[in-house]
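As structure tokens, the structure follows; a few thoughts come after it.
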Amino acid sequence: MANLRAHSTAEMANHPHARLLEHIKLARQYAREGLGDTSILFFNRAIDHINRWMDCKKAIAEEVELAKQLDAQLNSHKEAPGTRRSTTADTTQLCSASADQAY
């Protein structure tokens, strides 16, 4: 059992959300100990951590939409009768323009 506990703790340290989990753990511990102010501080840190991930999620979702638009534009050029296939230079320019719009 001790090895399992040590292994779980080691895995948690490498978990991408280790800091978030630690803040929640401490917030609950402080709440049980009657240290409400400290508990609230750690809960707020956990919420801030989640908000940063939500901002990242939003930014990635916007990039996904740009990638879909780029793919649709490239496919429309390939499928249009009488048009030539896009060259690498054309694609690079299109990617740069889309990327600039994203930021």
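Of the possible donor and acceptor atoms, one in the side chain of Asn75 sits under 3.5 Å from a partner among the backbone N and O of Asp71.
A heavy-atom distance below 4.5 Å is found between the side chains of Arg52 and His49.
Hydrophobic clustering (side-chain heavy atoms under 4.5 Å, transitive across Ile, Leu, Val, Met, Phe, Trp, Tyr) groups Phe42 together with Leu35.
A salt bridge does not link Glu22 to Arg19: none of the charged side-chain nitrogens sits closer than 4.0 Å to a carboxylate oxygen.
Contact between Ala27 and Ser39 at its shortest, heavy atoms only, is O-OG, 2.8 Å. Taking every heavy atom of both residues into account, Ala46 and Ile24 meet most closely at CB-CG1, 3.8 Å.
Remark: Ile50 CD1 to His17 NE2 distance equals 9.5 Å, nearest 0.5 Å. The distance from the CG atom of Leu26 to the CZ atom of Phe43 is 10.0 Å, given to the nearest 0.5 Å.
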message = What verdict does the side-chain contact (heavy atoms from CB on, under 4.5 Å) test give for Ile47 and Asn51, after you've listed the backbone C-alpha separation in whole Å, the side-chain angles of each residue and the deciding distance to 0.1 Å?
response = CA-CA 6 Å; Ile47 291 168; Asn51 287 337; 3.7 Å; yes
